[in-house]
Amino acid sequence: MPELAEVEYFRRQWDSGFGSLVIAVASHPKMRVFRGTDVAALQKALTGARLLGSEGHGKQMLFRFSGGASLGIHLGMSGRLRAEATGMSPGKHDHLMLLQEQRSLVYCDPRMFGRLRLAVGNGVPEWWRNLPPTVISPAFTRTLLAEQLMRRRRSPVKAALLDQDLFPGVGNWMADEIMWQIKMHPATRAGDLNVLQQHDLWRVSRRICRTALKTIGVDWSEPPKNWLIHRHWQKRGRCPRDGTLLDHGTIAGRTTVWCPVCQKGAAQPG
DNA sequence: TACTCTGTTGAATA
DNA sequence: TTATTCAACAGAGT
């Protein structure tokens, strides 16, 4: 589920815990989500610490605690965050629970492709430094995009959209949404875009990120009715623009949906 | 039963 | 060597 806006929504689910102490930490310490992380150290660092705030960057999140500890969370394919009333015991997939006086902050992840990590001491964690510019930031310039498209000139544009170093936070549905809104076949080679197409990609990807953050990211409300996302997982979905039966296939290793009429003109996959 | 999946990684391949 | 594709991870839903 979680792409840019979904991650932002889940990050806010822990806002109610800001300013409160973590009384105890419950975990499933042997689960895959803790790979590479010392769970005992994590429990020790967070127990008795106060949750100060959080930041998001693409699909990554950082939660800051008093005493200098930072908890990094990536939701993977099926991770979620929620706040529960106190007294709940962890469910099968609730791999980390931060117990506070008024609530419990829960990380749940059935498939465990997500990841939890800890940094202690003051300063920015090593894994939170040198992050690429977010799509909606001023540093995400047309020039930067053009350079990166040229570097990956032989790969499909869809693969470039899924590259977290270039479009942090963009995932499968957002990539398909962007390609559909700019009316370009997702298998188009990155190096084949002319200047106008590059500009379209830049402008539309920023607009889609902003709009998704304002809807899904705030309260899980629906993005605009005419977006492709609403037809994306329908078995026989039709293009919101022209009603054509949507085509689907695997591009850049991922399920991809596109309209064969308004997104034609590029090389076919395979 | 068999096949799907909104993600990332490291190995295999071109 | 460099860039891209693929299999693996693990569980739930169809």
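A note on names: the letters A, B, ... follow the listed sequences, proteins ahead of strands, and every chain is numbered from 1.
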* Look at the side-chain N and O atoms of A:His74 and state whether any lies under 4.0 Å from the OP1 or OP2 oxygen of B:dT8. => yes
* Is the CG atom of A:Asp242 crowded by more than 12 outside heavy atoms at less than 6.0 Å? -> yes
* To do: Could you grab the distance from atom OG of A:Ser70 to atom CD of A:Glu55, nearest 0.5 Å is fine?
  => 8.5 Å
* Answer yes if the ring centres of A:Trp14 and A:Tyr107 are under 6.0 angstrom apart, and no otherwise. => no
* **A:Arg35 CZ - C:dC9 C1' separation (whole Å)** => 8 Å
* **Integer-rounded Å distance: B:dT9 P and A:Lys59 NZ** => 10 Å
* To do: Looking at every strand, decide which applies to A:Gly253 at a 4.0 Å heavy-atom threshold: base, sugar-phosphate, or nothing.
  => nothing
* Between B:dG10 (P) and A:Gln164 (CD): distance, integer Å -> 15 Å
* Do A:Val7 and A:Leu75 touch side chain to side chain, with heavy atoms closer than 4.5 Å? -> yes
* **Closest nucleotide among C:dT4, B:dG7, C:dA12 to the A:Pro110 side chain** => C:dA12
* Structure fact -> Separation of C:dT5 atom P from A:Arg254 atom CZ, nearest Å, is 13 Å
* Can a salt bridge be assigned to the pair A:Glu147 and A:Arg151 using a cut-off of 4.0 Å between side-chain N and carboxylate O? -> no
* To do: Could you tell me whether A:Lys158 and A:Asp176 have a side-chain N and a carboxylate O separated by less than 4.0 Å?
  => yes
* Mark yes when over 12 heavy atoms from residues, nucleotides or ligands other than A:Arg154 sit less than 6.0 Å from its CZ; otherwise mark no. => no
* To do: Give the rounded distance in Å between these two atoms: CG of A:Leu149 and P of C:dT4.
  => 12 Å
* Asked: Does C:dC9 have A:Phe113 stacked on its base, where the ring centres are within less than 5.5 Å and the planes differ by under 30°?
  -> yes
* Asked: Which value, in whole Å, describes the distance between the P atoms of nucleotides C:dT1 and B:dT9?
  -> 22 Å
* P atoms of B:dT4 and C:dC6, separation to the nearest Å -> 14 Å
* Asked: Starting at CZ of A:Arg115 and ending at P of C:dC9, how long is that distance when rounded to a whole Å?
  -> 17 Å
* To do: From the options C:dA12, C:dC9, C:dT5, select the nucleotide whose nearest atom is closest to the side chain of A:Pro156.
  => C:dT5
* To do: For DNA chain B, just give me the dot-bracket, please: Watson-Crick or G-U, both distances below 3.5 Å, ( ) intra-strand, [ ] crossing earlier pairs, | paired with another strand, . unpaired.
  => .||||.||||||||
* Is the phosphate of C:dT4, meaning OP1 or OP2, less than 4.0 Å from a side-chain N or O of A:Ser155? -> yes
* **Interatomic distance where CE belongs to A:Met31 and P belongs to C:dG11 [whole Å]** => 6 Å
* Asked: Could you give the CE-to-C1' distance, from A:Met77 to C:dA8, as a whole number of Å?
  -> 12 Å
* To do: Have a look at A:Arg152 and say if it touches a base, only the backbone sugar-phosphate, or nothing, with a 4.0 Å heavy-atom cut-off.
  => sugar-phosphate
